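Just so it is clear, the structure is predicted and the values come from calculations on it, not from any experiment.
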Amino acid sequence: MIANKKKSRLRRKVKKFKKVSLAALFGGFVTISVLMTLTIMVITSYTTQKQSLINNTLSVNYASAVQMSQTLNSLFESMKKSLKYGAAHFKDVDFNDMEKLNTALDLIHNSSDYFNAVVLTDKMGLVLSRSPYSQASIGRHVSSEAAKAAIKSKAAYVSDAYLTPRTNRRIVFLSEPIVDPVGKFKGMISGSIYLQENNILDLSFGSQLKTDNGTYFFIVDHKGTLLFHPNVSRIGRDIRDNTVVQKLIKNQTGQEQYTNLDGINTLAGYYKVPATDWGVVVVSPTQIVYDQLNRQIGLLLLYIAVPFILLTLIVLRVARKLVHPFVFLADLVQQVDKGRVELPVVKPHWNREADLLTRTVLGALASFRNKTDQLVYDARTDALTGLNNRRTFEEVIQAWTHDENPFAIIVLDIDRFKLINDTYGHSTGDEVLKQIAKLIQMSVRPEDVCFRFGGEEFVVLLRDYDSKKAYEIAERIRISVEESVLAVDRTVTISAGIAEFPMHSRLETELFHLADNALYLAKEEGRNRTVIIQTVEQAE
């Protein structure tokens with residue numbers, strides 16, 4: 001009896017289930033199918049873009065570390081040359097003529113921003129003169145182990161970073177021996193760099209310690225001691241347990257994803273500085289990539305939300321007569337998910353509802369593609385100037401060198417751009433950047449490629465041009481900038497450096513470095529000029 005009642009209730013439930021309309025059933029199946037397909041698309045897009053962003057960030061950080069290392073190396077080589085010049089000057093000078101010693105030392109110190117202090121000592125380590133002058137130092141013997149080691153070595157010397165005994169400053173010490181005309185050791189001239197005070201290193205890298213997006217860099221010595229870091233309280237800490245620092249200590253360079261000593265997953269590029277045996281590490285928290293990716297996926301979901309809701313409502317109402325269009329649309333969405341496919345031109349359907357649904361889905365997919373293309377464009381383009389960005393530059397120059405197409409590279413930099421920002425504000429500085437970007441584009445051919453490399457630096461790649469032709473283009477750009485009326489009430493100038501592939505180098509990194517060196521020479525020679533790197537520098 002009880003069993004019969006249970007069977008009767010089951011039959012009634014089955015009958016009620018059978019009353020569900022086929023249209024609702026089809027509508028539900030199609031809605032779930034489309035939803036799952038879109039979910040797969042979003043997951044696939046997320047995974048692919050995540051790896052791409054990680055790889056791109058690693059590449060950019062490594063390129064930045066290489067560039068900073070090369071800049072540091074160039075600075076220290078210039079410092080050594082400055083001290084060598086001073087040593088040559090003092091070889092014939094009488095060390096008893098204090099007025100002459102002080103005058104000459106002040107001239108050497110004030111002729112550049114390299115050192116916080118320049119000191120002249122005799123062969124016994126007695127301080128004879130100091131610039132800036134300090135009465136307390138004159139007549140005393142050097143007390144630091146680094147200075148004593150330099151005196152003992154009687155040769156060019158670069159110290160490790162250390163704390164001075166009296167002033168407790170963290171400094172780096174460079175020296176050159178002074179040898180009299182008969183070759184006898186006479187004393188030494190030394191320059192000190194105070195790492196945590198204003199100097200050429202702070203001027204060159206202080207503003208770059210940390211960017212708005214969280215990327216930062218730090219510098220360690222060959223023992224793993226922090227010399228530069230955005231958090232100044234960490235300077236002087238021993239971080240040799242850091243994975244990347246361990247590799248730098250072993251003279252390894254590269255890029256990798258790792259977890260730092262604070263437990264933060266990061267993306268790092270690292271490179272050695274030959275002149276000092278320091279290591280430069282450029283770091284981006286991996287969370288930056290995830291934040292950027294989440295914003296992109298959020299935009300995609302926002303753009304497809306309204307079309308998807310509209311699609312679902314239409315499917316639920318007309319599913320009975322639209323089984324075939326549903327199959328067609330599901331297949332199309334799956335094809336789009338697997339790879340790029342051209343959206344077909346669909347003829348008007350005999351059924352009004354089916355025709356409307358088909359056009360809505362195609363519109364949603366077209367919108368999705370347009371927004372995806374826009375995101376790709378944004379990732380490859382500088383938002384301020386509209387020029388290609390640094391990531392695109394690396395792709396183009398790699399492709400051109402791989403194809404062995406001859407070309408020239410021009411690296412341009414706005415002279416004293418910081419003064420423009422400080423005087424007129426960053427918004428005016430941005431307007432100047434945009435105006436100069438337009439002048440650069442107007443000065444080259446359609447097949448040439450222009451980039452904003454970063455800050456006030458631009459790069460132009462000239463296909464099938466040699467360095468002489470590139471010089472004409474660079475001069476055209478330089479003169480047009482100088483003669484143009486820009487957003488400031490003063491003349492704005494640029495400097496440019498040129499290198500040629502394959503004459504100067506067949507490696508894209510070295511080629512850019514050579515052009516950048518030429519730019520550096522243009523700056524040293526007085527700015528507002530163009531310099532072609534000489535072939536001899538490649539051999540060096």
(message) For a side chain to side chain donor-acceptor pair (under 3.5 Å) check, start with the C-alpha distance between Asn55 and Gln51, then their side-chain angles and the critical distance, and finish with the verdict.
(response) CA-CA 6 Å; Asn55 292 339; Gln51 193 57 48; 3.1 Å; yes
Would you please say whether a donor-acceptor pair under 3.5 Å links the side chains of [X] and [Y]?
{"X": "Glu77", "Y": "Asn73", "value": "no"}
{"X": "Asp430", "Y": "His426", "value": "no"}
{"X": "Asn265", "Y": "Gln257", "value": "yes"}
{"X": "Tyr157", "Y": "Glu176", "value": "no"}

Which atom pair, heavy atoms only, marks the closest approach of [X] to [Y]?
{"X": "Leu433", "Y": "Ile414", "answer": "CD2-CD1, 3.5 Å"}
{"X": "Ile249", "Y": "His222", "answer": "CG1-O, 3.7 Å"}
{"X": "Ser111", "Y": "Ile108", "answer": "OG-O, 2.8 Å"}
{"X": "Lys148", "Y": "Ser143", "answer": "CE-O, 3.7 Å"}
{"X": "Ala470", "Y": "Ile410", "answer": "O-CD1, 3.5 Å"}
{"X": "His504", "Y": "Leu514", "answer": "O-CD1, 3.6 Å"}

Atom [atom1] of residue position [X] - does it have more than 12 heavy atoms of other residues, nucleotides or ligands inside 6.0 Å?
{"X": "Lys123", "atom1": "NZ", "result": "no"}
{"X": "Tyr133", "atom1": "OH", "result": "yes"}
{"X": "Lys80", "atom1": "NZ", "result": "yes"}
{"X": "Lys468", "atom1": "NZ", "result": "no"}

Results of side chain to side chain contact (heavy atoms under 4.5 Å, CB included) for [X] - residues two or more places apart only:
{"X": "Ala487", "value": "Thr428, Glu431, Val432, Gln435"}
{"X": "Gln252", "value": "Lys247, Lys250"}
{"X": "Asp403", "value": "Asn405"}
{"X": "Arg416", "value": "Leu419, Arg527"}

Spatial distance of atom [atom1] ([X]) from atom [atom2] ([Y]) [nearest 0.5 Å]:
{"X": "Asp413", "Y": "Thr493", "atom1": "CG", "atom2": "OG1", "answer": "10.0 Å"}
{"X": "Thr509", "Y": "Glu394", "atom1": "OG1", "atom2": "CD", "answer": "8.0 Å"}
{"X": "Tyr162", "Y": "Arg170", "atom1": "OH", "atom2": "CZ", "answer": "11.5 Å"}
{"X": "Leu439", "Y": "Ile477", "atom1": "CG", "atom2": "CD1", "answer": "9.0 Å"}
{"X": "Leu412", "Y": "Ile494", "atom1": "CG", "atom2": "CD1", "answer": "4.5 Å"}
{"X": "Ser467", "Y": "Met503", "atom1": "OG", "atom2": "CE", "answer": "4.0 Å"}

(request) Taking only Lys NZ, Arg NE, NH1 and NH2, and the carboxylate oxygens of Asp or Glu, determine whether Arg391 and Glu395 approach each other closer than 4.0 Å. (result) no
(message) Between Asp160 and Lys223, does any side-chain N to carboxylate O distance fall below 4.0 Å?
(response) yes
Taking only residues two or more places apart in sequence or in another chain, which ones pass ring-ring contact (aromatic ring centres under 6.0 Å, His included) with [X]?
{"X": "Phe76", "answer": "Trp278"}
{"X": "Phe501", "answer": "Phe407"}
{"X": "Phe393", "answer": "Phe451, Phe453, Phe512"}

(request) State yes or no: are the ring centers of Tyr216 and His229 separated by less than 6.0 Å? (result) yes
Any side-chain heavy atom of [X] sitting closer than 4.5 Å to one from [Y]?
{"X": "Pro274", "Y": "Ser69", "value": "yes"}
{"X": "Ser64", "Y": "Phe217", "value": "no"}
{"X": "Val459", "Y": "Ile397", "value": "no"}
{"X": "Asp415", "Y": "Ser495", "value": "yes"}
{"X": "Ile440", "Y": "Val460", "value": "yes"}

Residues forming a side-chain hydrogen bond (donor to acceptor under 3.5 Å, both in side chains) with [X], sequence neighbours excluded:
{"X": "Ser284", "result": "Asn61, Thr215"}
{"X": "Ser443", "result": "none"}
{"X": "Arg240", "result": "Asp238"}
{"X": "Thr530", "result": "Glu475"}

(request) Evaluate the criterion side chain to side chain donor-acceptor pair (under 3.5 Å) for residue pair Gln287 and Asp291; output intermediate values, then yes/no. (result) CA-CA 6 Å; Gln287 188 60 42; Asp291 292 342; 2.9 Å; yes
(message) Applying side chain to side chain contact (heavy atoms under 4.5 Å, CB included) to Ser190 and Thr121, what does each step give before you reach the verdict?
(response) CA-CA 8 Å; Ser190 61; Thr121 58; 5.6 Å; no
(message) Using the rule given for side chain to side chain contact (heavy atoms under 4.5 Å, CB included), can you reason through Thr103 versus Asp106, listing the C-alpha separation, both sets of side-chain angles and the distance that settles it, and then say yes or no?
(response) CA-CA 5 Å; Thr103 301; Asp106 282 338; 5.9 Å; no
(message) Filter on salt bridge (Lys or Arg N to Asp or Glu O under 4.0 Å), then keep only pairs touching residues 259-279, sequence neighbours left out; what's left?
(response) Arg234-Asp262, Lys272-Asp277
(request) Just do the side chain to side chain donor-acceptor pair (under 3.5 Å) check on Asn389 and Thr392 with the steps written out, would you? (result) CA-CA 5 Å; Asn389 61 15; Thr392 310; 3.0 Å; yes
(message) Apply side chain to side chain contact (heavy atoms under 4.5 Å, CB included) to residues Leu261 and Ile239 and explain how you reach the verdict.
(response) CA-CA 8 Å; Leu261 297 180; Ile239 59 168; 3.9 Å; yes
(request) Decide side chain to side chain donor-acceptor pair (under 3.5 Å) for Asn56 and Ser59; before the verdict, give the C-alpha distance in whole Å, the side-chain angles of both, and the deciding distance to 0.1 Å. (result) CA-CA 5 Å; Asn56 288 335; Ser59 297; 5.4 Å; no
(request) Decide yes or no on side chain to side chain contact (heavy atoms under 4.5 Å, CB included) for Leu511 and Ile409, but give the supporting numbers first. (result) CA-CA 8 Å; Leu511 189 69; Ile409 177 173; 3.9 Å; yes
